[in-house]
Amino acid sequence: KQWYQRRVAITAGGLEKMVSVLKYSDKPQFVAMVAECIHLLCHRNPDKKQAVAACSGPLHLVKLLQTSSVEYVTWAVARALKTLSVCNKNKKCILEAGGMQALARHLDTGS
């Protein structure tokens, strides 16, 4: 059943819509859920990691990591970035957007 639900979300353009939500939402719980969904939909799915890269998903996730101080948002975003970083295109985007520095900032603050 979960596989079918993921397939429906993906074929309906869900990943692209989720990335666009990351740009505009100011609700921490919602942002954390969206980041978690991106992680789940992309896990072990190289094509979907490429789709997220194509719509600048890693850039928006890194921006959230740089600006959020809410712990559960930080965890969800870091988890999504970890999943996406397996793809070389995403890895490059994460590094260029300052993802390592943003992650280091959170490690220094303990959140």
At what distance, to the nearest 0.5 angstrom, does [atom1] of [X] lie from [atom2] of [Y]?
X     : Y     : atom1 : atom2 : result
Met18 : His60 : CE    : NE2   : 15.0 Å
Cys93 : Leu81 : SG    : CG    : 9.5 Å
Asn88 : Gln50 : CG    : CD    : 9.0 Å
Ser25 : Met33 : OG    : CE    : 9.0 Å
Cys87 : Lys92 : SG    : NZ    : 12.0 Å
Thr67 : Asp26 : OG1   : CG    : 11.5 Å

Would you check if the side chain of [X] reaches a backbone N or O of [Y] as a donor-acceptor pair within less than 3.5 Å?
X      : Y     : result
Arg79  : Glu36 : no
Asn90  : Pro58 : no
His106 : Leu65 : yes
Thr74  : Val70 : yes

*asked:* Val19 vs Ser56, test: side chain to side chain contact (heavy atoms under 4.5 Å, CB included). Steps then yes/no.
replied: CA-CA 8 Å; Val19 170; Ser56 303; 5.7 Å; no
*Say whether Val52 and Phe30 are linked into one hydrophobic cluster, either directly or through other cluster members, by side-chain heavy-atom distances under 4.5 angstrom.*
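Hydrophobic grouping puts Val52 with Phe30.
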*Same apolar cluster (I L V M F W Y, side chains within < 4.5 Å links), Ile94/Val86*: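 Ile94 and Val86: separate clusters.
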*Assess whether side chain to side chain contact (heavy atoms under 4.5 Å, CB included) is satisfied between Val77 and Ser68, documenting all intermediate values.*
CA-CA 10 Å; Val77 169; Ser68 180; over 6 Å; no
_Side chains of Leu41 and Lys48, heavy atoms from C-beta outward: is any pair under 4.5 Å?_
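No; the side chains remain at least 4.5 Å from each other.
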Kindly give the heavy-atom pair with the smallest separation between [X] and [Y], and that separation in Å.
X     : Y     : result
Ala76 : Ala32 : CB-O, 3.5 Å
Cys42 : Lys49 : O-CE, 3.1 Å
Ala97 : Gln66 : O-NE2, 3.0 Å

*Answer yes if the side chains of His43 and Thr83 hold a donor-acceptor pair under 3.5 Å, and no otherwise.*
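There is no such pair (donor and acceptor under 3.5 Å, judged by atom type) between the side chains of His43 and Thr83.
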_Working for side chain to side chain contact (heavy atoms under 4.5 Å, CB included), residues Leu59 and Glu96_ = CA-CA 9 Å; Leu59 174 66; Glu96 289 174 353; over 6 Å; no
*Take atom NZ of Lys23 as the centre, draw a 6.0 Å sphere, and report whether it contains more than 12 heavy atoms from other residues, nucleotides or ligands.*
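Yes, because the 6.0 Å sphere around NZ of Lys23 holds more than 12 heavy atoms from other groups.
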